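Inspection log for the structure reproduced underneath, given as structure tokens.
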Amino acid sequence: MTRNPPSSRTSTHRIRRPLLVVGLVAVLAAIVVALGLPLLKPSSDPDSATATPGQGSSVRPPAPSLPDRAPPDSSQQERRGPLDEADGVVPDGSTVLDDDVPAVANLDADLLAALRRAAPVAADDGVAFTVNSGWRSPEYQNQLLRKAVAQYGSEAEAARWVATATTSPHVSGDAIDIGPDEATAWLAEHGAAYGLCRIYRNEPWHFELRPDAPDRGCPRRYADPTQDPRMRP
């Protein structure tokens, strides 16, 4: 018995059904992507990113980017760049009356007061006090010490002229270097009356305050800073 061939209608239905299913899948995929939902993908990795952190997942947050990381401790780094007045570098022509110069303004208050009492009396004798150096920052003192070691050839010889930042009375604001020679000579003769004393024989410009000096005179001078107990670690 001869079978009738399938009608064209039956063939059309068989073709359209798969096309309809494919079309629905494509529409659903487009909706998922538009909503920003992740597409499910099979994975054998137990640490797959499809797991939710905090619920048994081993997913770890990424390392912070460089801007989020704390900067290195700047206190452990030596500052770079030239030193300036803020470190105690003294402008030419500075005097003990210059409050706008840190090397003067940061001196011990009693030392500065004694200098300012003596300055006008010296001026009456035609002598002006010029500040060659006063207060210094630790960075400035360290720089001076490095230069002294290079100049004198050893730390031991440099110590006769420049103290360390931890022992220098300049860093603490307790010492001043005065010029010119006429001023140091005037202070050597009259300074004790104001408590202003030379401390080292090899540094006639270096003066510190000794409050007992008006009554007892200035103490005996050290040959150089290496003889000063304050300079010893």
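Here the structure is a predicted model, which is why all the values come from computation and not from measurement.
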As an exercise, state the distance from OG1 of T130 to CG of D92, rounded to the nearest 0.5 Å. 10.0 Å
Separation of N142 CG from S137 OG (nearest 0.5 Å): 8.5 Å
W135, L145: one ILVMFWY side-chain cluster at the under-4.5 Å cut-off? no
Compare every heavy atom of M231 with every heavy atom of A163, then report the nearest pair and how far apart it is. CB-SD, 3.5 Å
Taking all heavy atoms of P91 and all of S94, pick out the closest pair and write down the distance. O-OG, 2.8 Å
According to disulfide (SG to SG under 2.5 Å), does anything in residues 202-233 pair up with another residue at least two apart or in another chain? List the pairs. C197-C218
Under 4.0 Å between a side-chain nitrogen and a carboxylate oxygen: does that hold for R136 and D177? yes
Check V162 against Q141 and note the closest heavy-atom contact, atom names and distance. CG1-NE2, 3.4 Å
For residues 96-123, run the donor-acceptor check on the side chains, cut-off 3.5 Å, and write out each pair with its distance to 0.1 Å, sequence neighbours left out.
unit_1: D98; atom_1: OD2; unit_2: T95; atom_2: N; d: 2.8
unit_1: D99; atom_1: OD1; unit_2: R116; atom_2: NH1; d: 3.2
unit_1: D99; atom_1: OD1; unit_2: R116; atom_2: NH2; d: 2.5
unit_1: N106; atom_1: ND2; unit_2: P102; atom_2: O; d: 3.4
unit_1: D108; atom_1: OD2; unit_2: D110; atom_2: N; d: 3.1
unit_1: D108; atom_1: OD2; unit_2: L111; atom_2: N; d: 3.0
unit_1: R116; atom_1: NE; unit_2: V96; atom_2: O; d: 2.7
unit_1: R116; atom_1: NH2; unit_2: V96; atom_2: O; d: 3.1

Would you check if Y222 and R201 make a side-chain contact, meaning some heavy-atom pair closer than 4.5 Å? no
Beyond-backbone contact of E157 with Q151, side-chain heavy atoms, under 4.5 angstrom: no
Same cluster for V127 and Y194 if Ile/Leu/Val/Met/Phe/Trp/Tyr side chains link at under 4.5 Å? yes
To check you understand the geometry: which heavy-atom pair defines the closest contact between W186 and D125, and what is its length? NE1-OD2, 2.9 Å
Residues E208 and R230 bridged, charged N to O under 4.0 Å: yes
d(Y200 OH, F207 CZ) to nearest 0.5 Å is 13.0 Å
Can you tell me how far OG1 of T184 sits from CD of E203, rounded to the nearest 0.5 angstrom? 12.5 Å
Which atoms form the tightest heavy-atom contact between A193 and P214, and what is the distance? O-CG, 3.7 Å
Look at the aromatic rings of W161 and W205 and report parallel, tilted or perpendicular, splitting at 30° and 60°. parallel
Is there side-chain contact between K147 and Q143, with heavy atoms separated by less than 4.5 Å? yes
Atom CD in Q227, atom CZ in R220: separation rounded to 0.5 Å? 10.5 Å
Of all the heavy-atom pairs spanning I199 and R210, show the shortest one and how long it is. CD1-NH2, 3.5 Å
Taking L209 as the starting point, is it possible to reach I178 by hopping between hydrophobic residues whose side chains are less than 4.5 Å apart? yes
